[in-house]
Amino acid sequence: MEQLTNSYKENVDWFNETLGVGRSSDIVSRDYIIGNRRARLWVIDGYGMDGTLERMGAFWLQLMPEQVKDLTQMQEFADRFITFSETNVSFDASEIVTSVLLGKSLLLMEGLAGGALMDAKEYPARSVGEPPDGKVLRGSHDGFVEAVVPNMALLRRRIRDPHLTMEGHQLGSRSHTDAVLCYLDDKVDQKLLAELREKLKRIDVNSLTMAQESVAEAIRPKQWYNPFPKVRYTERPDSAAASILEGNIVLMVDNSPSVMILPTTFFDFTQEANEFYFPPLVGTYLRILRIIVFLISMFITPAWYLMVSEPGRLPEWLDFLSSPEPASLGLLWQLLVVEFLIDVLKLASLNTPDSLSNSFSMLGALILGDFAVQAGWLGPEVLVYMAFVSVASFAQPSYEMGYAFKLLRVVLLLITALFDVWGFVLGCLGILVLLATTKPLVGKGYLYPLIPFNGKALWRLIAREPISRDNT
(Lines give C-alpha, C1' and ligand atoms only; values in the text may rest on other atoms or scores of the structure.)
Protein backbone atom coordinates (compact mmCIF):
# COMPACT_ATOMS: atom_id res chain seq x y z
CA MET A 1 0.00 0.00 0.00
CA GLU A 2 1.38 3.40 -0.97
CA GLN A 3 -1.54 5.66 -0.02
CA LEU A 4 -4.37 5.21 2.44
CA THR A 5 -7.57 3.94 0.83
CA ASN A 6 -11.16 4.96 1.46
CA SER A 7 -11.83 1.67 3.30
CA TYR A 8 -11.38 1.98 7.05
CA LYS A 9 -11.21 -1.80 7.52
CA GLU A 10 -8.64 -2.25 4.77
CA ASN A 11 -6.42 0.46 6.26
CA VAL A 12 -6.71 -1.00 9.76
CA ASP A 13 -5.88 -4.52 8.59
CA TRP A 14 -2.86 -3.29 6.63
CA PHE A 15 -1.42 -1.32 9.57
CA ASN A 16 -2.08 -4.22 11.97
CA GLU A 17 -0.13 -6.54 9.67
CA THR A 18 2.67 -4.11 8.82
CA LEU A 19 3.27 -2.83 12.35
CA GLY A 20 3.07 -6.33 13.80
CA VAL A 21 0.06 -6.10 16.10
CA GLY A 22 -0.08 -9.46 17.88
CA ARG A 23 3.38 -10.34 16.56
CA SER A 24 5.41 -7.71 18.43
CA SER A 25 4.56 -7.33 22.09
CA ASP A 26 5.54 -3.65 22.20
CA ILE A 27 3.06 -2.57 19.48
CA VAL A 28 -0.02 -1.42 21.36
CA SER A 29 -3.34 -0.67 19.66
CA ARG A 30 -6.90 -0.15 20.82
CA ASP A 31 -10.29 0.71 19.38
CA TYR A 32 -12.51 3.68 20.18
CA ILE A 33 -16.06 4.67 19.35
CA ILE A 34 -15.95 8.41 18.71
CA GLY A 35 -19.34 9.95 17.94
CA ASN A 36 -20.66 6.55 16.72
CA ARG A 37 -17.67 6.17 14.40
CA ARG A 38 -15.03 3.48 14.74
CA ALA A 39 -11.47 4.64 15.39
CA ARG A 40 -8.19 2.90 16.18
CA LEU A 41 -4.99 4.10 17.85
CA TRP A 42 -1.49 2.59 17.43
CA VAL A 43 1.49 3.42 19.66
CA ILE A 44 4.76 1.77 20.68
CA ASP A 45 4.82 0.79 24.33
CA GLY A 46 7.57 2.73 26.10
CA TYR A 47 7.33 5.71 23.75
CA GLY A 48 3.78 6.95 24.28
CA MET A 49 3.03 9.50 26.99
CA ASP A 50 0.30 7.61 28.83
CA GLY A 51 -1.12 10.64 30.61
CA THR A 52 -1.46 12.68 27.41
CA LEU A 53 -3.02 9.84 25.39
CA GLU A 54 -5.43 9.03 28.21
CA ARG A 55 -6.65 12.63 28.45
CA MET A 56 -7.13 12.88 24.68
CA GLY A 57 -8.93 9.50 24.59
CA ALA A 58 -11.28 10.53 27.39
CA PHE A 59 -12.09 13.75 25.49
CA TRP A 60 -12.78 11.89 22.22
CA LEU A 61 -15.13 9.42 23.93
CA GLN A 62 -17.30 12.31 25.12
CA LEU A 63 -17.87 13.66 21.59
CA MET A 64 -21.47 13.50 20.38
CA PRO A 65 -22.40 12.13 16.90
CA GLU A 66 -23.57 15.55 15.70
CA GLN A 67 -20.13 17.00 16.44
CA VAL A 68 -18.39 14.75 13.93
CA LYS A 69 -21.12 13.79 11.45
CA ASP A 70 -20.17 16.43 8.86
CA LEU A 71 -16.42 15.71 8.98
CA THR A 72 -14.78 13.97 5.98
CA GLN A 73 -11.08 14.83 6.49
CA MET A 74 -8.82 13.85 9.38
CA GLN A 75 -7.30 17.32 9.20
CA GLU A 76 -10.70 18.78 10.18
CA PHE A 77 -10.90 16.42 13.14
CA ALA A 78 -7.35 17.28 14.17
CA ASP A 79 -8.01 21.01 13.99
CA ARG A 80 -11.07 20.73 16.21
CA PHE A 81 -10.56 17.80 18.58
CA ILE A 82 -6.87 16.84 18.85
CA THR A 83 -5.44 19.06 21.54
CA PHE A 84 -1.81 17.91 21.34
CA SER A 85 0.26 20.59 19.64
CA GLU A 86 2.65 18.40 17.61
CA THR A 87 0.13 16.74 15.28
CA ASN A 88 0.15 16.32 11.52
CA VAL A 89 -1.99 14.40 9.02
CA SER A 90 -0.50 12.10 6.38
CA PHE A 91 -1.84 9.96 3.54
CA ASP A 92 1.45 8.18 2.76
CA ALA A 93 1.30 4.68 4.25
CA SER A 94 5.07 4.09 4.42
CA GLU A 95 5.66 7.52 5.96
CA ILE A 96 3.03 6.76 8.58
CA VAL A 97 4.66 3.43 9.46
CA THR A 98 8.06 5.08 9.84
CA SER A 99 6.55 7.80 12.04
CA VAL A 100 4.92 5.23 14.32
CA LEU A 101 8.21 3.36 14.65
CA LEU A 102 9.86 6.67 15.55
CA GLY A 103 7.44 6.96 18.47
CA LYS A 104 4.45 8.90 17.14
CA SER A 105 0.87 7.78 17.85
CA LEU A 106 -1.36 7.00 14.86
CA LEU A 107 -5.13 7.58 14.86
CA LEU A 108 -7.41 6.36 12.06
CA MET A 109 -11.15 7.10 12.08
CA GLU A 110 -13.96 5.72 9.99
CA GLY A 111 -15.14 8.11 7.29
CA LEU A 112 -12.15 10.46 7.64
CA ALA A 113 -9.45 10.61 4.96
CA GLY A 114 -5.90 10.50 6.27
CA GLY A 115 -4.19 9.42 9.45
CA ALA A 116 -3.37 11.68 12.40
CA LEU A 117 0.19 11.40 13.74
CA MET A 118 0.61 12.76 17.26
CA ASP A 119 4.15 13.27 18.52
CA ALA A 120 3.11 12.45 22.10
CA LYS A 121 6.24 10.50 22.98
CA GLU A 122 9.03 10.51 25.47
CA TYR A 123 12.25 8.62 24.87
CA PRO A 124 13.80 6.47 27.57
CA ALA A 125 16.90 8.49 28.47
CA ARG A 126 19.38 8.93 31.25
CA SER A 127 19.71 12.18 33.15
CA VAL A 128 21.62 15.15 31.77
CA GLY A 129 24.84 14.58 33.70
CA GLU A 130 28.45 15.61 33.15
CA PRO A 131 30.04 13.64 30.31
CA PRO A 132 32.92 11.32 31.22
CA ASP A 133 35.26 13.08 28.78
CA GLY A 134 35.79 16.82 28.63
CA LYS A 135 35.35 17.37 32.36
CA VAL A 136 36.01 20.88 33.65
CA LEU A 137 37.01 22.21 37.04
CA ARG A 138 34.60 25.12 36.65
CA GLY A 139 31.77 25.65 34.24
CA SER A 140 28.61 23.76 33.38
CA HIS A 141 28.36 20.10 34.29
CA ASP A 142 25.58 19.04 31.97
CA GLY A 143 26.10 16.88 28.90
CA PHE A 144 24.32 15.57 25.86
CA VAL A 145 22.27 12.38 26.12
CA GLU A 146 21.25 9.70 23.61
CA ALA A 147 18.11 11.48 22.34
CA VAL A 148 18.22 14.41 19.93
CA VAL A 149 15.19 16.26 21.34
CA PRO A 150 16.69 17.04 24.78
CA ASN A 151 20.02 17.73 23.07
CA MET A 152 18.37 20.37 20.88
CA ALA A 153 16.84 21.88 24.02
CA LEU A 154 20.29 22.13 25.62
CA LEU A 155 21.50 24.16 22.63
CA ARG A 156 18.36 26.33 22.57
CA ARG A 157 18.93 27.11 26.23
CA ARG A 158 22.31 28.61 25.35
CA ILE A 159 21.50 30.23 21.99
CA ARG A 160 18.16 32.05 22.16
CA ASP A 161 18.35 33.33 18.64
CA PRO A 162 15.69 32.82 15.95
CA HIS A 163 18.49 32.28 13.43
CA LEU A 164 19.44 29.03 15.20
CA THR A 165 18.18 26.36 12.81
CA MET A 166 17.60 22.69 13.63
CA GLU A 167 17.36 20.93 10.27
CA GLY A 168 16.07 17.36 10.56
CA HIS A 169 17.06 14.41 8.38
CA GLN A 170 16.40 10.67 8.44
CA LEU A 171 19.28 8.36 7.53
CA GLY A 172 19.34 4.63 6.86
CA SER A 173 16.81 2.76 4.72
CA ARG A 174 15.89 0.44 7.61
CA SER A 175 16.82 2.29 10.80
CA HIS A 176 15.47 5.73 9.72
CA THR A 177 17.81 7.29 12.25
CA ASP A 178 17.13 10.92 13.15
CA ALA A 179 19.97 13.33 12.40
CA VAL A 180 19.86 17.08 13.00
CA LEU A 181 22.03 19.80 11.47
CA CYS A 182 22.36 22.73 13.89
CA TYR A 183 23.63 26.10 12.63
CA LEU A 184 23.03 29.84 12.54
CA ASP A 185 21.49 30.52 9.14
CA ASP A 186 22.90 34.06 9.00
CA LYS A 187 26.47 33.06 9.85
CA VAL A 188 27.04 29.57 8.46
CA ASP A 189 28.92 29.04 5.20
CA GLN A 190 26.01 28.25 2.87
CA LYS A 191 28.23 26.47 0.36
CA LEU A 192 29.63 24.23 3.06
CA LEU A 193 26.14 23.59 4.43
CA ALA A 194 24.85 22.59 0.99
CA GLU A 195 27.83 20.24 0.55
CA LEU A 196 27.20 18.55 3.88
CA ARG A 197 23.47 18.31 3.22
CA GLU A 198 24.16 16.63 -0.12
CA LYS A 199 26.56 14.15 1.52
CA LEU A 200 23.87 13.17 4.01
CA LYS A 201 21.31 12.67 1.24
CA ARG A 202 23.72 10.37 -0.62
CA ILE A 203 24.17 8.01 2.35
CA ASP A 204 23.00 4.59 1.14
CA VAL A 205 23.07 2.18 4.08
CA ASN A 206 20.50 0.03 5.86
CA SER A 207 21.19 1.32 9.35
CA LEU A 208 23.48 3.54 11.39
CA THR A 209 24.09 1.18 14.29
CA MET A 210 27.12 3.06 15.58
CA ALA A 211 25.37 6.43 15.28
CA GLN A 212 27.80 9.29 14.64
CA GLU A 213 30.70 6.97 13.72
CA SER A 214 28.54 5.27 11.09
CA VAL A 215 27.63 8.68 9.63
CA ALA A 216 31.28 9.77 9.60
CA GLU A 217 32.36 6.59 7.81
CA ALA A 218 29.56 6.92 5.27
CA ILE A 219 30.54 10.44 4.22
CA ARG A 220 34.31 10.58 4.83
CA PRO A 221 36.82 10.42 1.96
CA LYS A 222 38.16 6.94 1.21
CA GLN A 223 41.51 7.18 3.00
CA TRP A 224 41.58 4.00 5.10
CA TYR A 225 45.35 4.25 5.54
CA ASN A 226 45.14 7.71 7.11
CA PRO A 227 44.72 7.58 10.93
CA PHE A 228 44.09 11.29 11.46
CA PRO A 229 40.51 11.92 12.63
CA LYS A 230 38.28 13.78 10.17
CA VAL A 231 35.67 14.77 12.77
CA ARG A 232 35.80 16.45 16.15
CA TYR A 233 33.34 15.15 18.73
CA THR A 234 32.04 16.68 21.92
CA GLU A 235 29.51 15.75 24.59
CA ARG A 236 29.50 19.25 26.04
CA PRO A 237 26.63 21.60 25.10
CA ASP A 238 28.72 24.69 25.86
CA SER A 239 31.44 23.64 23.41
CA ALA A 240 28.86 22.83 20.74
CA ALA A 241 27.06 26.15 21.27
CA ALA A 242 30.34 28.09 21.01
CA SER A 243 31.16 26.33 17.74
CA ILE A 244 27.75 27.18 16.29
CA LEU A 245 28.16 30.83 17.24
CA GLU A 246 31.48 30.87 15.38
CA GLY A 247 29.74 29.73 12.19
CA ASN A 248 30.35 25.99 12.40
CA ILE A 249 27.79 23.22 11.96
CA VAL A 250 26.91 20.69 14.64
CA LEU A 251 25.53 17.33 13.51
CA MET A 252 23.55 15.39 16.10
CA VAL A 253 22.64 11.74 15.53
CA ASP A 254 19.99 9.94 17.54
CA ASN A 255 21.18 7.30 20.03
CA SER A 256 24.52 9.03 20.58
CA PRO A 257 25.54 11.59 23.23
CA SER A 258 28.45 12.76 21.05
CA VAL A 259 27.84 15.45 18.44
CA MET A 260 30.02 16.16 15.42
CA ILE A 261 31.50 19.63 14.90
CA LEU A 262 32.08 20.48 11.24
CA PRO A 263 34.21 21.55 9.50
CA THR A 264 37.13 19.99 11.39
CA THR A 265 40.80 20.83 10.95
CA PHE A 266 43.94 19.47 12.60
CA PHE A 267 44.39 22.60 14.73
CA ASP A 268 40.89 22.33 16.19
CA PHE A 269 42.14 19.47 18.33
CA THR A 270 44.40 21.85 20.23
CA GLN A 271 41.40 23.37 22.03
CA GLU A 272 39.68 22.14 25.19
CA ALA A 273 36.78 23.51 27.22
CA ASN A 274 38.91 23.93 30.38
CA GLU A 275 40.94 26.70 28.75
CA PHE A 276 37.88 28.91 28.42
CA TYR A 277 36.93 28.61 32.08
CA PHE A 278 40.28 30.13 33.10
CA PRO A 279 41.62 33.65 32.39
CA PRO A 280 43.14 34.13 28.90
CA LEU A 281 46.76 33.98 30.11
CA VAL A 282 46.23 30.72 32.01
CA GLY A 283 44.20 29.30 29.14
CA THR A 284 46.96 30.12 26.66
CA TYR A 285 49.56 28.47 28.90
CA LEU A 286 47.48 25.29 29.19
CA ARG A 287 46.95 25.16 25.42
CA ILE A 288 50.63 25.65 24.55
CA LEU A 289 51.63 23.11 27.21
CA ARG A 290 49.25 20.55 25.75
CA ILE A 291 50.57 21.10 22.22
CA ILE A 292 54.22 20.78 23.31
CA VAL A 293 53.63 17.69 25.45
CA PHE A 294 51.64 15.98 22.72
CA LEU A 295 54.28 16.68 20.07
CA ILE A 296 57.00 15.36 22.39
CA SER A 297 54.99 12.18 22.94
CA MET A 298 54.96 11.68 19.17
CA PHE A 299 58.75 11.69 18.75
CA ILE A 300 60.23 10.84 22.15
CA THR A 301 60.61 7.06 21.83
CA PRO A 302 61.82 7.00 18.18
CA ALA A 303 64.27 9.86 18.93
CA TRP A 304 65.54 8.13 22.10
CA TYR A 305 65.99 4.85 20.25
CA LEU A 306 67.93 6.68 17.53
CA MET A 307 70.20 8.34 20.11
CA VAL A 308 71.04 5.22 22.11
CA SER A 309 71.20 2.67 19.27
CA GLU A 310 74.78 3.66 18.39
CA PRO A 311 77.45 4.60 20.99
CA GLY A 312 79.05 8.02 20.81
CA ARG A 313 76.11 9.69 19.06
CA LEU A 314 75.29 11.95 21.98
CA PRO A 315 77.35 14.76 23.57
CA GLU A 316 78.87 14.08 26.98
CA TRP A 317 76.27 16.04 28.92
CA LEU A 318 73.59 13.67 27.51
CA ASP A 319 75.49 10.46 28.20
CA PHE A 320 72.94 9.48 30.85
CA LEU A 321 70.46 8.90 28.00
CA SER A 322 72.70 6.53 26.09
CA SER A 323 73.17 3.78 28.65
CA PRO A 324 69.90 1.85 29.12
CA GLU A 325 70.22 -1.08 31.48
CA PRO A 326 70.52 -4.47 29.75
CA ALA A 327 67.41 -6.62 29.59
CA SER A 328 66.29 -9.93 28.14
CA LEU A 329 64.53 -8.23 25.27
CA GLY A 330 66.17 -5.91 22.78
CA LEU A 331 65.45 -2.21 23.14
CA LEU A 332 63.18 -2.09 20.08
CA TRP A 333 61.15 -5.06 21.29
CA GLN A 334 60.88 -3.56 24.77
CA LEU A 335 59.37 -0.36 23.37
CA LEU A 336 56.94 -2.25 21.13
CA VAL A 337 55.87 -4.67 23.88
CA VAL A 338 55.13 -1.84 26.33
CA GLU A 339 53.24 0.10 23.62
CA PHE A 340 50.90 -2.84 23.10
CA LEU A 341 50.66 -3.76 26.80
CA ILE A 342 49.44 -0.24 27.60
CA ASP A 343 46.64 -0.69 25.10
CA VAL A 344 45.84 -4.12 26.54
CA LEU A 345 45.51 -2.55 29.99
CA LYS A 346 43.25 0.16 28.59
CA LEU A 347 41.00 -2.42 26.94
CA ALA A 348 40.95 -4.55 30.07
CA SER A 349 40.07 -1.57 32.27
CA LEU A 350 37.01 -0.86 30.14
CA ASN A 351 35.64 -4.31 31.00
CA THR A 352 36.70 -4.34 34.64
CA PRO A 353 33.83 -4.00 37.14
CA ASP A 354 34.03 -0.85 39.24
CA SER A 355 34.46 -2.86 42.43
CA LEU A 356 37.65 -4.45 41.03
CA SER A 357 39.12 -1.42 39.24
CA ASN A 358 41.48 -0.45 42.09
CA SER A 359 42.81 -4.01 42.37
CA PHE A 360 43.27 -4.17 38.60
CA SER A 361 45.24 -0.90 38.59
CA MET A 362 47.57 -2.18 41.32
CA LEU A 363 48.05 -5.51 39.55
CA GLY A 364 48.82 -3.83 36.21
CA ALA A 365 51.31 -1.46 37.82
CA LEU A 366 53.13 -4.34 39.55
CA ILE A 367 53.30 -6.49 36.42
CA LEU A 368 54.53 -3.68 34.14
CA GLY A 369 56.67 -2.04 36.77
CA ASP A 370 58.66 -3.64 39.52
CA PHE A 371 58.14 -7.28 38.54
CA ALA A 372 59.08 -6.73 34.88
CA VAL A 373 62.28 -4.89 35.82
CA GLN A 374 63.32 -7.40 38.48
CA ALA A 375 62.71 -10.29 36.11
CA GLY A 376 64.99 -8.63 33.58
CA TRP A 377 62.35 -8.41 30.86
CA LEU A 378 62.30 -4.63 30.62
CA GLY A 379 64.70 -1.83 31.45
CA PRO A 380 63.60 0.94 33.86
CA GLU A 381 64.35 3.61 31.25
CA VAL A 382 61.84 2.07 28.86
CA LEU A 383 59.13 2.21 31.53
CA VAL A 384 59.96 5.86 32.27
CA TYR A 385 59.64 6.94 28.63
CA MET A 386 56.51 4.87 28.01
CA ALA A 387 54.95 6.18 31.23
CA PHE A 388 55.46 9.72 29.93
CA VAL A 389 53.91 8.74 26.58
CA SER A 390 50.92 7.15 28.32
CA VAL A 391 50.31 10.17 30.56
CA ALA A 392 50.77 12.58 27.63
CA SER A 393 48.10 10.74 25.62
CA PHE A 394 45.51 11.71 28.23
CA ALA A 395 46.45 15.38 27.86
CA GLN A 396 44.79 15.27 24.43
CA PRO A 397 40.97 15.40 24.76
CA SER A 398 40.44 13.52 21.47
CA TYR A 399 40.85 9.74 21.74
CA GLU A 400 40.93 9.52 17.95
CA MET A 401 43.84 11.93 17.67
CA GLY A 402 45.65 10.14 20.50
CA TYR A 403 45.50 6.81 18.68
CA ALA A 404 46.53 8.46 15.40
CA PHE A 405 49.69 9.72 17.09
CA LYS A 406 50.27 6.31 18.67
CA LEU A 407 50.12 4.45 15.35
CA LEU A 408 52.40 6.97 13.69
CA ARG A 409 54.83 6.78 16.62
CA VAL A 410 55.07 2.99 16.26
CA VAL A 411 55.59 3.26 12.48
CA LEU A 412 58.25 5.95 12.97
CA LEU A 413 59.99 3.74 15.54
CA LEU A 414 60.08 0.77 13.15
CA ILE A 415 61.36 2.87 10.23
CA THR A 416 64.05 4.37 12.49
CA ALA A 417 65.12 0.88 13.58
CA LEU A 418 65.41 -0.21 9.94
CA PHE A 419 67.12 2.82 8.37
CA ASP A 420 68.65 4.67 11.33
CA VAL A 421 68.94 8.47 10.87
CA TRP A 422 67.59 8.42 7.32
CA GLY A 423 64.61 6.39 8.51
CA PHE A 424 63.83 8.94 11.23
CA VAL A 425 64.07 11.84 8.76
CA LEU A 426 61.99 10.08 6.09
CA GLY A 427 59.45 9.02 8.70
CA CYS A 428 59.00 12.63 9.88
CA LEU A 429 58.62 13.81 6.28
CA GLY A 430 56.10 11.03 5.64
CA ILE A 431 54.01 12.16 8.61
CA LEU A 432 54.01 15.73 7.29
CA VAL A 433 52.98 14.52 3.81
CA LEU A 434 50.21 12.36 5.30
CA LEU A 435 48.97 15.32 7.32
CA ALA A 436 49.04 17.64 4.30
CA THR A 437 47.12 15.15 2.13
CA THR A 438 44.41 14.42 4.69
CA LYS A 439 41.00 15.22 3.22
CA PRO A 440 38.40 16.68 5.61
CA LEU A 441 34.73 15.75 5.43
CA VAL A 442 33.88 19.30 4.39
CA GLY A 443 35.68 22.61 4.55
CA LYS A 444 38.69 24.49 3.23
CA GLY A 445 41.34 21.92 4.13
CA TYR A 446 42.64 19.81 7.01
CA LEU A 447 45.52 22.19 7.73
CA TYR A 448 43.45 25.38 7.62
CA PRO A 449 44.25 28.08 8.76
CA LEU A 450 47.89 27.19 7.99
CA ILE A 451 47.08 25.99 4.44
CA PRO A 452 45.46 28.15 3.09
CA PHE A 453 47.06 30.64 5.43
CA ASN A 454 44.90 32.80 7.71
CA GLY A 455 47.09 34.42 10.33
CA LYS A 456 44.32 35.74 12.54
CA ALA A 457 42.49 32.42 12.65
CA LEU A 458 45.76 30.55 13.33
CA TRP A 459 46.62 32.86 16.20
CA ARG A 460 43.20 32.27 17.76
CA LEU A 461 43.88 28.54 17.71
CA ILE A 462 47.29 28.91 19.35
CA ALA A 463 46.43 31.58 21.93
CA ARG A 464 43.31 31.76 24.10
CA GLU A 465 41.97 35.23 23.26
CA PRO A 466 39.69 37.20 25.58
CA ILE A 467 35.98 37.02 24.83
CA SER A 468 34.74 39.51 22.27
CA ARG A 469 31.87 39.98 19.85
CA ASP A 470 33.42 37.59 17.30
CA ASN A 471 35.11 35.25 19.77
CA THR A 472 32.96 32.93 21.86
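In what follows, every heavy atom counts, from backbone to side chain, and hydrogens, waters and symmetry copies are set aside. The chain is numbered in sequence order, starting from 1.
Between E275 and R287 there is a salt bridge, since at least one side-chain N of the basic residue sits less than 4.0 Å from a carboxylate O of the acidic one. The pair R460-E246 counts as a salt bridge, with a side-chain nitrogen and a carboxylate oxygen less than 4.0 angstrom apart. R232 and E400 are not joined by a salt bridge, as no carboxylate oxygen comes within less than 4.0 angstrom of a charged side-chain nitrogen. Salt-bridge annotation for R236 and D238: present, with a side-chain N of the basic residue lying under 4.0 Å from a carboxylate O of the acidic one. Salt bridge annotation for D161-R156: absent, with no cationic side-chain nitrogen under 4.0 angstrom from a carboxylate oxygen. Salt bridge absent: D204 and R202 never bring a charged side-chain N and a carboxylate O closer than 4.0 Å. Ion pair R197/E167 flagged as a salt bridge, since at least one NZ, NE, NH1 or NH2 atom sits closer than 4.0 Å to an Asp/Glu carboxylate oxygen.
Under a 3.5 Å cut-off, the side chain of S256 and the backbone N or O of V253 do not form any donor-acceptor pair. Put simply, the side chain of S390 never gets that close to the backbone of A387: no donor and acceptor are under 3.5 Å apart. At distances below 3.5 Å, at least one donor-acceptor pair connects side-chain atoms of R464 with backbone N or O atoms of F278. In this structure, the side chain of N151 engages the main chain of A147 through a donor-acceptor pair within 3.5 Å. Put simply, the side chain of T98 gets close to the backbone of S94: a donor and an acceptor are under 3.5 Å apart. Put simply, the side chain of S24 never gets that close to the backbone of I27: no donor and acceptor are under 3.5 Å apart. No side-chain donor-acceptor contact under 3.5 Å links K230 to the backbone of A216. Remark: side-chain polar atoms of K201 are not paired, donor with acceptor, to backbone N or O of H169 under 3.5 angstrom. In this structure, the side chain of T165 engages the main chain of H163 through a donor-acceptor pair within 3.5 Å.
The environment of NZ in K199 is crowded: more than 12 heavy-atom neighbours from other residues, nucleotides or ligands sit within 6.0 Å. Within a 6.0 Å radius of OH in Y277, other residues, nucleotides and ligands contribute more than 12 heavy atoms. Residue-environment remark: CD (E95) exceeds the threshold of 12 foreign heavy atoms within 6.0 Å. For CD1 of I296, the number of neighbouring non-hydrogen atoms (other residues, nucleotides, ligands) closer than 6.0 Å is greater than 12.
Closest approach of V250 and A240 over heavy atoms only: CG2-O, 3.8 Å. Nearest approach of G143 to P237, heavy atoms of both residues: CA-CD, 3.8 Å. Residues P263 and N248 come closest through the heavy atom pair CD-OD1, 3.7 Å. In terms of heavy-atom proximity, G445 sits nearest to T265 at O-CG2, 3.5 Å. For the pair G103 and Y47, the tightest heavy-atom approach, listed with the atom from each and the gap, is CA-CD1, 3.1 Å. Nearest approach of S207 to S175, heavy atoms of both residues: CA-OG, 3.3 Å.
Side-chain atoms of T264 and P229, non-hydrogen and from C-beta on, never get closer than 4.5 Å to each other. A heavy-atom distance below 4.5 Å is found between the side chains of W304 and L331. Two residues are said to be in side-chain contact when any heavy atoms from C-beta on lie closer than 4.5 Å; K187 and L245 fail this criterion. Side-chain contact between I415 and F424: absent, with no pair of heavy atoms (C-beta onward) separated by less than 4.5 Å. Side-chain contact between V425 and F419 is absent, with no heavy-atom pair separated by less than 4.5 Å. Counting only heavy atoms from C-beta outward, the side chains of T177 and Q170 never approach each other to under 4.5 Å. By the 4.5 Å heavy-atom criterion applied to side chains, V97 and L106 are not counted as neighbours. Put simply, the side chain of D119 does not reach to within 4.5 Å of the side chain of L102, judged on heavy atoms.
Between the CZ atom of F144 and the CE atom of M252 there is a distance of 6.5 Å, given to the nearest 0.5 Å. Residue S90 holds its OG atom at 9.0 Å from NZ of K104, rounded to the nearest 0.5 Å. One distance of note links CG of L208 with CZ of R174; it measures 13.5 Å at 0.5 Å rounding. Taking CG of L341 as the start and CE of M386 as the end, the distance is 9.5 Å to the nearest 0.5 Å. Taking OG from S243 and CD1 from I249, the interatomic distance works out to 11.5 Å, rounded to the nearest 0.5 Å. The distance from the CD1 atom of I44 to the CG atom of L101 is 5.0 Å, given to the nearest 0.5 Å.
Side-chain polar atoms of Y233 and E213 form a donor-acceptor pair below 3.5 angstrom.
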Set out, in order, the CA-CA distance, both residues' side-chain angles and the distance that settles side-chain contact (heavy atoms from CB on, under 4.5 Å) for F84 and M56, then state yes or no. CA-CA 8 Å; F84 195 76; M56 287 195 294; 3.7 Å; yes

After noting the C-alpha distance and the side-chain angles of S309 and D420, does the key distance pass the side-chain contact (heavy atoms from CB on, under 4.5 Å) rule? CA-CA 9 Å; S309 60; D420 202 54; 3.9 Å; yes

Can you list the steps and then say if V382 with L335 is a side-chain contact (heavy atoms from CB on, under 4.5 Å)? CA-CA 6 Å; V382 171; L335 293 171; 3.9 Å; yes

Give the C-alpha distance, both sets of side-chain angles, the deciding distance and a yes or no for side-chain contact (heavy atoms from CB on, under 4.5 Å) between R409 and T301. CA-CA 8 Å; R409 181 173 63 246; T301 52; 3.4 Å; yes

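Checking V180, I261, V259, L200 one by one against L251, the side-chain contact (heavy atoms from CB on, under 4.5 Å) holds for a single residue, L200.
Ring pair F228/F266 is perpendicular by interplanar angle, where above 60° counts as perpendicular and below 30° as parallel.
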